[in-house]
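Working notes, structure below.
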Amino acid sequence: MGSKLQAMTVIKRRPHIFNNIPCSLKRTVQVLHQVGIPDSQVPEFISKAPIVLSINPKKMSTVGLRLKEMGFDVTSPAFRAAFAAMSLLSHSKMESKLETYRSMGFSDDEILNIFRSLPTCMFYSEDSIRRIVAFYVDRLHWSLSYLSQKPVFLLRSLERRVIPRCSVMQVLWSRGIISEVGKLSSILMVSEKEFLQKYVTKYEAEVPDLQAAYHGKLMFNEYSFHLHEIHQIPMSKGSSPKAEAA
């Protein structure tokens with residue numbers, strides 16, 4: 001029953017694969033075995049990464065072996081995600097993405113750590129990568145090393161989550177409403193409902209600008225409310241936390 005459901009999942013996700021499959025299902029399974037996927041996990045791998053059914057066997061093998069060389073555990077969900085990413089992107093496109101991360105200052109080891117933890121980061125456009133990283137580094141003063149260890153924050157939308165929450169915290173801190181701020185990482189990860197109740201609803205009558213900040217209409221050139229937790233990263237000379245309209 002499980003195998004039938006997984007087969008149906010594949011068909012629903014990619015019905016077109018049956019129109020142009022360059023190799024037989026048997027050959028696909030053989031390559032997955034060669035890469036190191038246990039027989040018991042092959043059905044789940046195919047159902048969650050149906051792209052494998054439309055990939056040339058030689059490329060499948062090349063991608064799988066390269067990921068193993070990069071330190072991926074073939075039984076992990078991250079391996080499936082990375083496999084899909086490298087299979088969908090051409091070699092030149094993949095290198096272009098890697099070069100973008102290098103141009104931002106990441107070392108090859110840091111880039112590898114990001115990719116192992118968050119394979120989908122390679123689907124971002126080069127402009128998005130630069131914009132997201134620049135915000136964390138230039139305005140939040142996070143180091144590239146720290147960001148490479150916490151790549152999940154690259155998934156958080158700047159416009160819908162990161163900027164609004166940081167602006168709310170900056171307003172509350174600069175007005176002296178709150179003197180101690182928890183870890184920024186926790187503030188960015190907490191649920192929307194909890195953040196709203198704890199930092200917006202609670203103080204909005206006292207601080208009119210809070211709603212504007214929460215809705216992304218108020219930004220700052222620099223966010224300094226959390227600098228107590230990153231003493232090793234000095235604030236830029238001459239910078240000041242002046243607000244600007246979004």
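For reference, positions follow the sequence shown, starting with 1. Everything numeric in this text was worked out from a predicted model, so none of it was measured.
Counting heavy atoms of neighbouring residues, nucleotides and ligands inside a 6.0 Å radius, atom NZ of Lys59 exceeds 12 of them.
Here the closest non-hydrogen pair linking Ser87 and Ile51 is CB-CG1, 4.4 Å. Counting all heavy atoms, side chain and backbone alike, Tyr136 lies closest to Phe153 at OH-O, 2.8 Å. Residue Pro43 comes nearest to Ser40 through the heavy atom pair CD-O, 3.9 Å, listed as atom of the first residue, atom of the second, then distance. Ser61 and Val31 make their closest contact through N-CG1, 3.8 Å (heavy atoms, listed as atom of the first residue, atom of the second, distance). Of all heavy-atom pairs spanning Val190 and Arg161, the tightest one is O-NH1, 3.4 Å. Nearest heavy-atom pair, Leu172 versus Tyr199, reported as atom, atom and distance to 0.1 Å: CD1-O, 3.5 Å.
At a threshold of 4.0 Å, the pair Glu192-Arg160 does not count as salt-bridged, since none of the basic side-chain nitrogens sits closer than that to a carboxylate oxygen. Arg102 has a carboxylate O that lies under 4.0 Å from a charged side-chain N of Glu99, or vice versa, which qualifies the two as a salt bridge.
A donor-acceptor pair under 3.5 Å is formed between the side chain of Glu110 and the backbone N or O of Ser107. Judged purely by atom type and a 3.5 angstrom limit, Gln170 uses its side chain to pair as donor or acceptor with the backbone of Ser224.
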- Message: Before you tell me yes or no, could you show the steps for Val35 and Leu67 under side-chain contact (heavy atoms from CB on, under 4.5 Å), namely the whole-Å CA-CA distance, both residues' side-chain angles and the distance that decides it to 0.1 Å?
- Response: CA-CA 10 Å; Val35 169; Leu67 289 175; over 6 Å; no
request  = Could you walk me through whether Tyr124 and Lys97 pass side-chain contact (heavy atoms from CB on, under 4.5 Å), step by step?
outcome  = CA-CA 8 Å; Tyr124 296 169; Lys97 304 282 186 180; 5.5 Å; no
| message | Go through it in stages, so that I can follow the logic: the residues are Ser148 and Asp109, the test is side-chain contact (heavy atoms from CB on, under 4.5 Å), and I'd like the CA-CA distance, side-chain angles, deciding distance and then a yes or no. | response | CA-CA 9 Å; Ser148 71; Asp109 284 343; over 6 Å; no
| Between Ile55 and Val63, is a side-chain contact (heavy atoms from CB on, under 4.5 Å) present by the stated rule, with each step listed? | CA-CA 10 Å; Ile55 301 174; Val63 169; over 6 Å; no
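The CG atom of Asn113 lies 10.5 Å from the CG atom of Leu118; values are rounded to the nearest 0.5 Å. In this structure, CD1 on Ile114 lies 13.5 Å from NZ on Lys150, to the nearest 0.5 angstrom. In this structure, CD on Glu194 lies 8.0 Å from CD on Gln197, to the nearest 0.5 angstrom. Between His226 atom NE2 and Lys183 atom NZ the span is 13.0 Å, to the nearest 0.5 Å. Taken to the nearest 0.5 Å, the CG atom of Leu210 stands 9.5 Å off from the CE atom of Met169. Expressed to the nearest 0.5 Å, how far CD1 of Ile129 lies from CE of Met122 amounts to 7.0 Å.
Residues Phe115 and Leu98 have side chains not in contact (no heavy-atom distance under 4.5 Å, counting atoms from C-beta outward). When side chains are defined from C-beta on, Phe79 does not count as touching Asp73, because their heavy atoms never get closer than 4.5 Å. Val168 places none of its side-chain heavy atoms less than 4.5 Å from the side chain of Arg165. Between Glu222 and His141 the shortest side-chain heavy-atom distance falls below 4.5 Å. At a threshold of 4.5 Å between non-hydrogen side-chain atoms, the residues Cys166 and Phe225 count as touching. Using a 4.5 Å heavy-atom threshold, the side chains of Val152 and Arg156 count as touching. In this structure the side chain of Arg139 reaches within 4.5 angstrom of the side chain of Met219, judged on heavy atoms.
Both Ile177 and Val171 sit in one connected hydrophobic cluster of ILVMFWY residues. Membership requires side-chain heavy atoms under 4.5 Å apart, directly or through other members. Residues Leu112 and Leu65 are members of separate hydrophobic clusters, defined by side-chain heavy-atom contacts under 4.5 angstrom among Ile, Leu, Val, Met, Phe, Trp and Tyr.
Aromatic rings of Phe45 and Phe83 (six-membered ring for Trp) have centroids within the 6.0 Å cut-off, being under it.
Phe220 and Tyr223 have perpendicular rings, their planes meeting at more than 60° on a 0 to 90° scale where under 30° would count as parallel. By the 30° and 60° cut-offs, the orientation of the rings of Trp142 relative to Tyr146 is perpendicular.
Using modelled atom types and a 3.5 Å distance limit, the side chains of Ser92 and Ser90 yield a donor-acceptor pair. Side-chain contact check for Glu126 and Ser96: at least one donor-acceptor pair (N or O, by modelled atom type) lies under 3.5 Å.
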